Amino acid sequence: MKHKVAVTINGRKHEHEVEARLLLVHYLRDVVGLTGTHIGCDTSQCGACTIHVDGKAIKSCTMFAVQADGRNLTTIEGLAKEGKLHPIQQAFWDEHGLQCGYCTPGFIMAAAYLLEQNPNPTEDEIRRGLEGNLCRCTGYVNIVKSVQSAAKVMGGASTTAGRSAVTAGGE
Amino acid sequence: MIPAAFEYAKASSVDEAVKLLDRLGEDAKVLAGGHSLIPLMRLRLAQPKALVDINGIKGLDHIEVKGSKLHVGALARHVQIHSSQTVKESLPILAEVAAEVGDNQVRNMGTMGGVIAHGDAAGDYPTLALMLDADIVTNKRTIPARDFFKDIFTTALAANEIVTEVVFPVANGPHKYIKFRRRLFDWAIVGAAAQKVDGHWRVGLTNVGPTPVRAKAVEDALAKGAKPEEAAQHASDGLNPAGDLRASPEYKKHLARVLTKRAIEQAQ
Ligand SMILES: Cc1cc2nc3c(=O)[nH]c(=O)nc-3n(C[C@H](O)[C@H](O)[C@H](O)COP(=O)(O)OP(=O)(O)OC[C@H]3O[C@@H](n4cnc5c(N)ncnc54)[C@H](O)[C@@H]3O)c2cc1C
Ligand code: FES
Ligand code: FES
């Protein structure tokens, strides 16, 4: 039996009929065609699939697409605005926060949620805030630097810009 | 991997969920936060025929103090529990434990009821529920925590029984939960909790057997005036933990003693 899912993704409405067992990450990648959200494990541990559902960071491999019915989703594709990278994306570029880049979309989405909750985190708070994401390449040092640098750029007045990009999810 | 096919139904009340479970039969399961069930389904270690999604039931995520009890709704998520002012004031150890369950993404989804009903030996809330004599309330009855956890992944719940809330005593005296693990987001290799209730220590252990353990021998020794390090020697009395990839039985027993000592000493 198929079920209806109507969701808003990065500001655009989508409606499909899906099987109940379809994982949200497979829906995003295979049905909607948004392949920026990655799959890195089978055990809900790596965080590569992190997106925002109604503003909260979640692992899209650990939710069924049917559960997202009526919700507002933001994926990595929804962060950049009018061709301009989101400050966290720019910071990962500037600070070399990635090597192979496989984990990066998940880290950026987790970092966006973290900075939303705590715009001025300490190094320890950044490491804790990103505990649900694994990277096999960088050793995390430059990821932490990237988040620190993004926090600075987003601090004060420009926080709201970063914030609306995250929660309103790109028009 | 891709889970096996199943029938999916959303419930908007506890009554409706019970009716759906009755209709869908023994192989139907409740879906709450999904953070234990979906990983098992992806590995096909679980292949329920049907899922009854209870996330849409209103009023099951309450957190409130009534008299000397803290009521935590089954759908209260870890993030709500650790950030709740009510929990911080009435049972701070629970807020501290919730902050250490999994990671941010897990805490945004996982629920109190899910951890309790799943009955994983490494679950953190069951240890607190047992040592604090909490009550597990279902649509049918109230089950004291000491009668609830039967074996690994096995509880007193019937197939069509739904946890609606967990009722803890208010306790805001000295307390500490120490979770020993290799990576931040991991489950406990061993966990030890100490909480003073009405002048007496309660001590509980996580992941040292098929169910949570209340360390009565440690509590009794402390009541007789033993120092923490002496009392903690009893933490491994009667334990027979299974070894796993991360720890041998001997190592777990060692951790039980060391962490119990630290939990009592660091309690505040
Ligand atoms: C990476 C990762 C790390 C984790 N680390 C920890 C940890 O350190 N400590 C810890 O305790 N947990 C940990 N967890 C597990 C997490 O806390 C789960 O959320 C929890 O174990 C299950 O709760 P849930 O709401 O997700 O339940 P679900 O996965 O939806 O359900 C679990 C089981 O309980 C049943 N169930 C759920 N709700 C009810 C109800 N109200 N009534 C009757 N039956 C019900 C379901 O049918 C199912 O059998 C981790 C999970 C992941 C993915
Ligand atoms: S794919 Fe690894 S946590 Fe989702
Ligand atoms: S950059 Fe390669 S996994 Fe993180």
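Only a predicted model underlies this, so the values are computations on that prediction, with no experimental measurement involved. We name chains A, B, ... by the order of the sequence lines, and we start the count at 1 in each one.
Listed options Gln45(A), Met1(A), Glu19(A) were ranked by heavy-atom pairs under 4.5 angstrom with chain B; first place goes to Gln45(A). Ranked by heavy-atom pairs under 4.5 Å with chain A, the first of Leu37(B), Leu43(B), Ile38(B) is Ile38(B). Listed options Lys59(A), Gln117(A), Lys56(A), Arg21(A) were ranked by heavy-atom pairs under 4.5 angstrom with chain B; first place goes to Arg21(A). Counting heavy-atom pairs closer than 4.5 Å to chain B, the top residue among Thr50(A), Leu22(A), Thr43(A) is Thr50(A). Between chain A and the options Gly56(B), Gly34(B), Ala5(B), Gly33(B), heavy-atom pairs under 4.5 Å are most frequent for Ala5(B). Per-residue heavy-atom pair counts under 4.5 Å with chain B were compared for Arg128(A), Met63(A), Arg127(A), His26(A), and the maximum is reached by Arg128(A).
Checked for salt-bridge contact, Arg181(B) and Glu100(B) meet the test: a charged N lies under 4.0 Å from a carboxylate O. Of the charged side-chain nitrogens involved, none lies within less than 4.0 Å of a carboxylate oxygen, so that Lys19(B) and Asp15(B) do not count as a salt-bridged pair.
Contacts of Leu51(B) with chain A are made by side-chain atoms alone, with heavy-atom separations under 4.5 Å and no backbone atom involved. Residue contact with chain A, scored on non-hydrogen atoms closer than 4.5 Å, involves the side chain of Met109(B) exclusively. Only the backbone of Cys41(A) comes within contact range of chain B, with at least one heavy atom under 4.5 Å from a heavy atom of that chain. Both the backbone and the side chain of Ile58(A) have a heavy atom closer than 4.5 Å to some heavy atom of chain B. Using a 4.5 Å cut-off between heavy atoms, Leu31(B) contacts chain A through its side chain alone, with no backbone atom that close. Contact annotation for Asp53(B): only side-chain heavy atoms (C-beta onward) come within less than 4.5 Å of a heavy atom of chain A. Neither the backbone nor the side chain of Ile51(A) comes within contact range of chain B; no heavy atoms are under 4.5 Å apart.
What you find for Leu75(B) and Ile57(B) is that their closest heavy atoms are CD1-O, 3.8 Å. Minimum interatomic distance between Thr155(B) and Ile116(B) (heavy atoms only, all atoms of both residues): CG2-O, 3.9 Å. Residue Met1(B) comes nearest to Arg42(B) through the heavy atom pair CB-O, 3.0 Å, listed as atom of the first residue, atom of the second, then distance. The shortest heavy-atom contact between Met112(B) and Phe168(B) is CE-CE1, 3.8 Å.
Distance check, rounded to the nearest 0.5 Å: CD1 of Ile136(B) to OG1 of Thr164(B) gives 10.5 Å.
Taking the six-membered ring where tryptophan is involved, the planes of Phe180(B) and Tyr251(B) are perpendicular, since the angle between them exceeds 60° and thus also 30°.
Side-chain contact of Asn142(A) with Gln99(A): a donor-acceptor pair under 3.5 Å is absent, judged by distance alone.
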